[in-house]
Amino acid sequence: MFKTEWPKHSILAIAIVATWLKTYIVYKTSFSITIDNALQEFILFINPLSLVLFVYGISLFFKSDKGKNRYLVIATVISSLVLYANVAFYRFFSDFITLPVLLQTNNFGDLGSSASESVFLTDIAYFSDVIILLFAIKFIKVNTGSIDSAKAQRKAYFILSAAILFFNLGLSETERPQLLTRSFDREMLVKNIGMYNYHLYDIYVQSKSQAQRALADGSELVEVNNYIRSNQADASEEMFGVAKGKNLIVVSLESLQTFPINNKMNGQTITPFMNELTRDEDTVYFPNFYHQTGLGKTSDSEFLFENSLYPLSGSAVFFTHSGNTFHSLAEKLGDNGYHTAVQHPNTKSFWNRDMMYESLKIDEFLDINSFEIGEGDAVNWGMKDIPFMEQSVSNMAEMPQPFYSRLITLTNHHPFFLDEEDKFIGEYDSVSGTVNRYFQTVRYMDESVEVLFEELKAKGLYENSIIVMYGDHYGISENHNEAMAQYLEKEISPYETAQLQRVPLFVHIPGSGKGHVNEEVGGQIDLRPTVLHMLGLETAKDMQFGGDLFSEEHEEFVVFRDGRFITENNVYAGNLCYDRETGEETDAAECEPYIDQALMELDYSESIITGDLLRFYNKEDGQLQPNGEIMEIEK
Ligand code: GP9
Ligand code: MN
């Protein structure tokens with residue numbers, strides 16, 4: 001067809017361009033990847049390139065043209081299959097493939113049947129680069145004369161491909177800081193590092209956890225079990241069963257810290273409704289309650305709540321260990337006749353929730369598709385909390401009772417933007433726009449909590465439910481210390497920073513008269529036993545690190561994910577020991593005994609997760625199954 005000779009590496013160049021452009025076109029046509037700005041679009045455009053250059057470039061090492069071409073065809077077919085498999089999977093699950101879904105087919109029994117319904121003849125277009133390549137090989141005559149600078153050329157080529165990879169990663173890092181360590185969302189990963197790199201990254205993450213799991217055996221549990229049993233607190237006699245058989249409504253209050261509660265900003269009340277709750281006769285309010293999250297932020301708080309285990313130190317456990325065996329709060333409630341549901345108007349793959357919720361045995365996940373987001377109903381990260389509360393309650397009205405419904409709010413999230421009509425108070429006046437706006441979004445959140453209560457009453461659900469609400473993690477990071485120092489009118493020492501990790505906890509039991517301010521020092525790790533005991537369910541045989549906050553035996557010892565801790569008398573932060581009440585530095589000996597205990601507790605919890613040790617634990621009789629076989633078969 002073509003008479004003239006084409007340059008030596010034309011076939012390679014054609015293959016690269018064909019796959020690159022095809023991938024970009026497929027991104028745009030077959031997935032719904034949200035693009036917010038031109039930079040994101042640019043990253044999406046260039047992200048297939050680095051790996052394609054690298055993999056196809058290996059053909060440069062082949063001696064014969066035939067070998068080269070054959071390799072290129074195989075490489076294009078494989079990359080097309082990877083892309084196409086994702087397209088077919090996405091049609092059904094609106095998500096990208098991750099290794100565990102291929103391995104845990106029992107969770108996805110309908111995969112096979114749905115796959116066949118997701119395949120069409122026209123899908124041949126997804127292999128267009130293979131077709132183009134085959135044509136090129138057949139009809140293009142390339143100059144085979146060897147200009148022998150092959151080695152130097154190859155070197156330059158691979159340096160270029162590495163440079164493109166780093167350029168891509170650099171751009172992604174500016175767009176999404178900590179993308180790879182936090183790895184919060186598959187869509188975000190595909191959007192930033194590209195489909196092909198995403199799969200390599202996924203394989204790396206998953207095989208690392210699989211290897212650790214394979215090396216673990218149940219014997220490690222003996223020591224952990226002894227530690228847990230010797231530190232365990234009995235249920236509170238007064239509160240055990242106080243809400244037996246009632247619905248459990250849990251609200252994760254996005255980025256809400258304790259400091260705005262019962263506080264003012266430039267004379268304006270920030271949380272009028274929640275302030276009332278702190279004095280309410282049916283509400284127990286905990287002002288000395290801390291979050292214990294790490295990289296996984298909201299998802300870590302969910303993990304703490306459901307499992308009473310610490311999240312991981314180096315990654316988001318929702319992402320890396322969603323295939324583990326867990327004995328979650330949801331599972332226990334499910335076993336006791338509850339319908340269990342999480343409501344959160346965001347993409348279901350965010351924080352890998354869709355996968356993790358399967359392992360946590362949550363019956364129903366009402367994600368963004370379960371909500372109607374009308375005009376003006378979205379701001380910042382998505383659906384506004386007020387319409388979210390309204391629709392969540394309507395959803396609850398449809399649920400079989402008793403139910404456990406956990407709501408995850410969204411509006412009070414960095415960067416704390418609001419529409420004009422939702423600003424109920426003015427901004428603060430510090431150097432930090434983030435801090436200034438935070439007060440307004442917290443004020444909006446307060447309004448949404450009030451709406452929740454009203455709606456529950458209107459729908460007749462209120463009387464028969466208990467409502468547990470807690471801040472999921474800090475909203476204002478240490479980057480805003482100057483503004484916080486201005487607001488709090490004190491210097492932000494390591495002590496203050498630790499104290500700023502307090503998040504409010506409200507336990508509201510309608511008609512109980514149990515309301516009081518409870519000064520107990522506690523953390524998110526304590527939520528699971530506290531809540532289960534109120535619902536009249538024992539946890540004495542559970543593998544959990546927290547204790548019932550109402551129990552006389554509850555130990556005031558809150559360990560942060562990074563080893564800082566709070567005790568009844570002390571705050572240990574920045575390697576210094578402080579008096580908890582005064583904030584004055586104290587004798588290091590007061591903290592000393594707890595330093596190792598804190599690290600040990602974190603290590604024990606980490607070993608449960610990385611070794612997937614709960615598969616060796618019989619939750620019914622509390623027996624360890626060191627050889628693991630019995631539990632494995634049951635699974
Ligand atoms: C996203 C929401 C916020 O679904 O949970 O996540 P965060 O950034 O707070 O972890
Ligand atoms: Mn959050």
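Just follow the structure's listing: the first ligand is 1, and inside any ligand the first atom is 1.
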Within Thr298, is some N, O or S atom less than 2.8 Å away from the Mn ion (ligand 2)?
yes
Does His413 bring an N, O or S atom to within less than 2.8 Å of the Mn ion (ligand 2)?
no
Looking only at distances, please establish whether an N/O atom of ligand 1 is found under 3.5 Å from an N/O atom of Arg353.
yes
Heteroatom proximity flag, Trp381 to ligand 1, N/O under 3.5 Å:
no
Atoms in ligand 1 flagged as close to [X], the criterion being non-hydrogen separation under 4.0 Å:
X      : value
His473 : 9 (O)
Leu410 : 2 (C)
Asn346 : 1 (C), 4 (O)
Trp351 : 6 (O), 7 (P), 10 (O)

Name of whichever N/O/S atom of Asp472 is nearest to the Mn ion (ligand 2)
OD2
Run the ring-centre check on Phe96 versus Phe89 and record whether the distance is less than 6.0 Å.
no
For this output row, return yes or no: ring centroids of Tyr201 and His199 closer than 6.0 angstrom.
no
Just to be sure I'm reading this right: ignoring hydrogens, which of Thr298, Thr293, Asp300 gets closest to atom 7 (P) of ligand 1? Compare them by their nearest heavy atoms.
Thr298
Looking at Glu254, Lys297, His413, the heavy atom closest to atom 8 (O) of ligand 1 belongs to His413
How close do Tyr428 and Ala483 get, counting heavy atoms only, and between which atoms?
CE2-O, 4.2 Å
Any heavy atom of His344 under 4.0 Å from ligand 1? The part involved is side chain
Does a side chain donor of either [X] or [Y] reach within less than 3.5 Å of an acceptor in the other side chain?
X      : Y      : result
His473 : Thr293 : no
Gln501 : His291 : yes
Asp385 : Thr411 : yes

Does any N or O in the side chain of Asn288 come within less than 3.5 Å of the main-chain N or O of Glu520, such that one atom is a donor and the other an acceptor?
no
Phe439 ring centre to Lys264 NZ or CZ under 6.0 Å, with the angle to the axis within 45°?
no
